[in-house]
K.L.:
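Here you go, one structure.
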Amino acid sequence: MKDVAALAGVGVGTVSRVINNVKVKDGTYKKVMNAIDELGYVPDHYARGLKTNKSNTIALIIPTIWHPFFSEFAYYVEEELSKNNYKLFLCNADGSNDKEKEYLQMVRQSKVDGIIGITYSDIDKYVSSNLPFVSIDRHFSEAISYVTADNYEGGKIAAKQLILKGSKHLAYIGGTSPYPNETNKRKLGFYEYIKMQDIKLSVLDMPEPIINLEDHVEEFISKNPSIDGIFTVNDFMALDVIKCLIKLGKKIPEDIQVIGFDGIKIAEDKEYLVSTIVQPISEMAKEAVKLIMGIVYSDNEPQRITLPVSYHAGWSTKS
């Protein structure tokens, strides 16, 4: 820093302000940046962290990296953190409570400045108001900020679309987590809209983890042969159900229409896998990063943000 200051003809404090993104005069900024480029100076973030008590790193806990929704969310979180000169520490929980608890401990050990978490595990007692934590799709308490899509409205939209496309006997198929989360509101919105329309409804709601899904679906359809429209808790469930229906000789969407939830793609430029209720993944990531940065730097009050969803028609419903 002293070499940079000498070459730029400014004080060391001015160099410090520039590399820490503190506003200086445009002319001074250019002088310092030119000196940095000429000398090949690289700021020591580790040393700066010791001084500021900040690691400039945020951890993101996800249930699994294999799920496209979680991977896409991680992509947008990293993109937003980068705009704030922050790095992403990706934590693949893989269904392990112990892993998630270890990740939460990283904040207390100052290894990361805060955590954004998508978690469906029993970690409630480890998430407290003095922990810089933003939850996704799960409401821990009024003291914890969270970001979610409008799951309830998404369920209503799915019911409305199936009815508009001619379905007379609707069904919900999904799994129920032992830990409360916002995804449960999907089926509630679905049920509520159907009640208002006086449409027949059948439900296959299985406790998680689900074992022998194919057997459950086959038995459910055989008991309810008039089902012609299905809403599933997520897109992967929709794909599994469709596979079972095809095995039973059903044509999709001619015999049975199916709508999932999440808006999963296998790549950015590809179509959604099924007709689906699309979550605004990039917007959720932006809001989550904004909240965690507000907590880390300004100790902001907890906020609860719900973002709108949209319907996308795919091959699994009638046009």
Side-chain angles (χ1 to χ4, degrees), residues 19-21 42-49 52-96 99-121 123 127 131-138 144-149 181-183 234-236 262-270 272-273 278-298 300 303 305-309:
I19 64 175
N20 284 288
N21 298 310
V42 179
D44 188 337
H45 293 287
Y46 177 74
R48 191 192 311 171
T52 63
N53 201 29
K54 291 284 188 295
S55 68
N56 281 71
T57 304
I58 296 294
L60 171 63
I61 301 176
I62 57 174
T64 172
I65 197 66
W66 289 108
H67 196 294
F69 176 85
F70 302 136
S71 299
E72 186 175 348
F73 183 76
Y75 169 83
Y76 286 116
V77 168
E78 193 280 332
E79 197 173 58
E80 287 302 308
L81 286 174
S82 182
K83 293 175 185 177
N84 289 273
N85 295 313
Y86 257 70
K87 301 298 182 185
L88 173 69
F89 189 100
L90 185 60
C91 306
N92 182 42
D94 199 26
S96 169
K99 274 190 176 182
E100 292 189 1
K101 292 170 190 173
E102 288 175 12
Y103 295 145
L104 293 172
Q105 287 296 328
M106 290 195 304
V107 177
R108 296 186 174 93
Q109 297 165 357
S110 298
K111 293 180 180 178
V112 296
D113 295 340
I115 291 178
I116 298 170
I118 305 177
T119 170
Y120 306 116
S121 301
I123 60 167
V127 178
L131 181 74
F133 185 86
V134 172
S135 174
I136 306 298
D137 268 348
R138 183 172 175 184
I144 302 299
S145 291
Y146 75 88
V147 178
T148 187
N181 61 75
E182 294 291 309
T183 60
N234 56 48
D235 289 345
F236 273 5
D262 278 340
I264 287 177
K265 299 178 179 181
I266 58 172
E268 187 177 11
D269 59 346
K270 301 297 182 182
Y272 295 107
L273 298 182
V278 180
Q279 296 200 68
I281 303 178
S282 63
E283 287 82 1
M284 291 172 70
K286 287 178 183 177
E287 293 295 339
V289 170
K290 189 187 300 181
L291 286 177
I292 196 65
M293 299 309 291
I295 295 169
V296 169
Y297 281 96
S298 303
N300 287 353
Q303 295 182 53
I305 296 174
T306 302
L307 298 170
V309 297

K.L.:
I'd like to know whether V278 forms a side-chain contact (heavy atoms from CB on, under 4.5 Å) with Y272, so could you lay out the CA-CA distance, the side-chain angles of the two residues, the decisive distance to 0.1 Å, and finally the verdict.
P.N.:
CA-CA 9 Å; V278 180; Y272 295 107; 3.6 Å; yes
K.L.:
Over all heavy atoms of both residues, which pair between E287 and L307 is shortest? Give the atoms and the distance, please.
P.N.:
CG-CD1, 4.2 Å
K.L.:
Side chains of V77 and I116: closer than 4.5 Å at any heavy-atom pair?
P.N.:
yes
K.L.:
Are any of the side-chain heavy atoms of N181 and D137 separated by less than 4.5 Å?
P.N.:
no
K.L.:
Are side-chain heavy atoms of V289 and N84 found at a separation under 4.5 Å?
P.N.:
yes
K.L.:
Between L273 and I266, what is the shortest heavy-atom contact and its length?
P.N.:
CD2-CG2, 3.8 Å
K.L.:
Quiz question: by atom type and distance under 3.5 Å, do the side chains of Y86 and D113 form a donor-acceptor pair?
P.N.:
yes
K.L.:
Any side-chain heavy atom of F236 sitting closer than 4.5 Å to one from I264?
P.N.:
yes
K.L.:
D262: what forms a salt bridge (charged side-chain N to carboxylate O under 4.0 Å, His left out) with it, not counting sequence neighbours?
P.N.:
R186
K.L.:
Please report the closest heavy-atom contact between F73 and A288, naming both atoms and the distance.
P.N.:
CZ-CB, 4.4 Å
K.L.:
Does a side-chain heavy-atom distance below 4.5 Å link P63 with T119?
P.N.:
no
K.L.:
To the nearest 0.5 Å, how far apart are CD1 in I118 and OH in Y146?
P.N.:
15.0 Å
K.L.:
Roughly how far, to the nearest 0.5 Å, is SG of C91 from NZ of K99?
P.N.:
9.5 Å
K.L.:
Classify the ring geometry between H67 and F70 as parallel (under 30°), tilted (30 to 60°) or perpendicular (over 60°).
P.N.:
tilted
K.L.:
Taking side chain as C-beta onward, heavy atoms only, is L291 less than 4.5 Å from Q303?
P.N.:
yes
K.L.:
If you compare all heavy atoms of M293 against all heavy atoms of L81, which two are closest, and at what distance to 0.1 Å?
P.N.:
SD-CD2, 4.4 Å
K.L.:
Does a sphere of radius 6.0 Å around NZ in K290 hold more than 12 heavy atoms from other residues, nucleotides or ligands, not counting ones at 6.0 Å or beyond?
P.N.:
no
K.L.:
Could you walk me through whether L60 and I115 pass the side-chain contact (heavy atoms from CB on, under 4.5 Å) test, one step at a time?
P.N.:
CA-CA 6 Å; L60 171 63; I115 291 178; over 6 Å; no
K.L.:
Taking only residues two or more places apart in sequence, or in another chain, which ones meet E72 in a side-chain contact (heavy atoms from CB on, under 4.5 Å)?
P.N.:
Y76, I281
K.L.:
Apply salt bridge (charged side-chain N to carboxylate O under 4.0 Å, His left out) to K83 and list each qualifying residue two or more places apart in sequence or on a separate chain.
P.N.:
E80
K.L.:
Check for a donor-acceptor pair, side chain of S298 on one end and backbone N or O of N300 on the other, with a separation under 3.5 Å.
P.N.:
no
K.L.:
Do L88 and I58 come within less than 4.5 Å of each other through their side chains, counting heavy atoms only?
P.N.:
no
K.L.:
Would a 4.5 Å heavy-atom cut-off, applied to side chains only, mark I144 and F133 as touching?
P.N.:
yes
K.L.:
Go through the steps for I136 and M284 under the test side-chain contact (heavy atoms from CB on, under 4.5 Å), then give the verdict.
P.N.:
CA-CA 8 Å; I136 306 298; M284 291 172 70; 3.9 Å; yes
K.L.:
Could you walk me through whether I65 and S71 pass the side-chain contact (heavy atoms from CB on, under 4.5 Å) test, one step at a time?
P.N.:
CA-CA 6 Å; I65 197 66; S71 299; 4.1 Å; yes
K.L.:
Give me the atom names and distance for the closest heavy-atom approach of V309 to Q279.
P.N.:
CG1-CA, 4.4 Å
K.L.:
How close do I295 and S145 get, heavy atom to heavy atom, and via which atoms?
P.N.:
CD1-OG, 4.1 Å
